[in-house]
Amino acid sequence: MKIYIVKDEKELSRKAANIISAQVIMKPEANLGLATGTSPIGTYAQLIEWYNKGDLDFSEVRSYNLDEYVGLPADHEQSYAWFMHHYLFDHVNIKPENIHIPNGMELDAEVACTTYDRLLEESGGIDLQLLGLGVNGHIGFNEPGDAFEKTTHKVKLTESTRQANARLFKEDESVPEYAYSMGIKSIMQARKILLIANGENKAEAVKKALFGPVTPEVPASILQLHNQVTVIVDEAAGRLIKDLV
Ligand code: F6R
């Protein structure tokens, strides 16, 4: 595991975007596993900037997102489909048919999850999986629990996750209770993993995930068992690990 503690979110985004660009340049038809949330916004902005300069081409890239809220249509501003279009897809030349996101409007969880797993299987595997980190140590929406969920599954979001995400919803909207999330096995099968985290409120989760015991109580701790993980955190999120790296 390579761990970089960088000065701030700007530097983090640049470094993360560099790694993603390198992947796309080396393999133009790369399968990218993508995340939503606040953490990757700067990374996506940097990728767009390089795309606009002509340095990046997404025409053969295939994307597979980690998760989606159950019950939100793709044009709902809080859906992860909307997020991805707004912050990345609408600004680069990725083909619509190459974009994959769990279908939050498929209310039959069995159908939604098996369909997504089939797509992942048929993809030939994720080349580079980008991950953010929840304050409770979640990755995707794999919440702390008694066991690692292997494949795509329906998750009841924990109160801490719903509270953390409430900032993105309007006052009269409530955060959905359920989401579909790629499972831990699918995440761990990615050839390379890039975990990013910034801000003081992630410091505890970063320490537990990278240096604590591997346990489903801290889902991100499983990444310690993957042999191609790069972690980029800013100084605030890396505060508790700076003497350990
Ligand atoms: C989002 C996702 C989540 C977030 C995590 C951190 O697709 O999978 O695991 O990465 O909740 O969210 P932010 O970046 O908003 O702090």
Side-chain angles (χ1 to χ4, degrees), residues 8-10 12-13 16-17 20 32-46 63-70 72 74 76-89 99-104 116 120 126 128-145 148-149 152-169 175-176 178-184 186-188 190 193-206 208-210 216 218-223 229-234 236-238:
D8 51 22
E9 198 258 341
K10 193 162 179 244
L12 178 156
S13 299
I20 297 170
L32 298 181
L34 298 177
T36 61
T38 316
S39 313
I41 290 177
T43 302
Y44 294 152
Q46 182 65 79
S63 72
Y64 295 84
N65 261 82
L66 282 166
D67 40 22
E68 179 59 284
Y69 288 117
V70 175
L72 295 192
H76 188 289
E77 278 194 28
Q78 259 48 258
S79 76
Y80 286 170
W82 189 91
F83 176 102
M84 288 309 302
H85 281 275
H86 184 74
Y87 287 107
L88 181 64
F89 297 152
I99 294 171
H100 308 89
I101 301 176
N103 181 3
Y116 204 60
L120 288 169
I126 305 266
L128 175 64
Q129 176 66 56
L130 175 64
L131 296 173
L133 179 66
V135 284
N136 61 4
H138 74 209
I139 44 177
F141 271 139
N142 291 278
E143 297 282 42
F148 292 111
E149 290 275 356
T152 305
H153 55 289
K154 184 176 176 181
V155 191
K156 185 164 170 54
L157 300 177
T158 61
E159 221 21 65
S160 93
T161 297
R162 292 184 73 223
Q163 270 170 25
N165 290 5
R167 70 189 192 282
L168 304 166
F169 284 74
V175 182
Y178 294 94
Y180 294 132
S181 177
M182 213 190 261
I184 291 290
S186 313
I187 292 173
M188 289 295 280
I193 294 180
L194 172 58
L195 176 74
I196 56 173
N198 62 289
E200 168 62 36
N201 66 336
K202 297 288 173 73
E204 196 71 44
V206 166
K208 283 188 185 159
L210 307 186
V218 183
S221 63
I222 191 96
L223 300 175
V229 179
T230 303
V231 180
I232 312 173
V233 296
D234 71 351

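Atoms within a ligand are numbered from 1 in the order they appear, just like the ligands themselves.
- Formation of a donor-acceptor pair under 3.5 Å by the Glu143 side chain with backbone atoms of Thr158 is found in this model.
- At a heavy-atom cutoff of 4.0 Å, ligand 1 is contacted by both the backbone and the side chain of Thr38.
- Against a heavy-atom cut-off of under 4.0 Å, Lys202 is close to the following atoms of ligand 1: 6 (C), 13 (P), 16 (O).
- Only the side chain of Arg167 comes within contact range of ligand 1, with a heavy atom under 4.0 Å; no backbone atom does.
- Neither the backbone nor the side chain of Thr161 comes within contact range of ligand 1; no heavy atom lies under 4.0 Å.
- A donor-acceptor pair under 3.5 Å is absent between the side-chain atoms of Tyr116 and the main chain of Ser181, judged by distance alone.
- Leu12 and Ala197 make their closest contact through CD1-O, 3.4 Å (heavy atoms, listed as atom of the first residue, atom of the second, distance).
- Within a 6.0 Å sphere centred on NZ of Lys156, other residues, nucleotides and ligands contribute more than 12 heavy atoms.
- Atom 6 (C) of ligand 1 has Leu133 O, 3.4 Å as its closest protein atom, hydrogens excluded (heavy atom only).
- The ligand atoms of ligand 1 that sit less than 4.0 angstrom from a heavy atom of Gly132 are 10 (O).
- What sits closest to atom 1 (C) of ligand 1 on the protein, heavy atoms only, is Thr36 OG1, 3.1 Å.
- Counting only heavy atoms from C-beta outward, the side chains of Leu66 and Ile139 never approach each other to under 4.5 Å.
- The protein non-hydrogen atom at the shortest distance from atom 14 (O) of ligand 1 is Ser39 OG, 2.4 Å.
- When all heavy atoms of Leu168 and Gln78 are compared, the closest pair comes out as O-OE1, 2.6 Å.
- Looking at Gly140, Gly37, Ala164, it is Gly140 that brings a heavy atom closest to atom 9 (O) of ligand 1.
- Between Tyr80 and ligand 1, not a single N/O pair is under 3.5 Å apart.
- Protein heavy atom in closest approach to atom 11 (O) of ligand 1: His138 NE2, 2.6 Å.
- Side chain of Lys202 to main chain of Leu133: a donor-acceptor pair is present (N/O by atom type, distance under 3.5 Å, no hydrogens or angles).
- In Asp67, the part holding a heavy atom less than 4.0 Å from any atom of ligand 1 is the side chain.
- Under the 3.5 Å distance criterion, the side-chain polar atoms of Asn65 are left unmatched by any main-chain donor or acceptor of Pro102.
- Short contacts between ligand 1 and Leu66, defined as distances under 4.0 Å to a heavy atom of the residue, involve ligand atoms 8 (O).
- At distances below 3.5 Å, not a single donor-acceptor pair connects side-chain atoms of Glu149 with backbone N or O atoms of Asn142.
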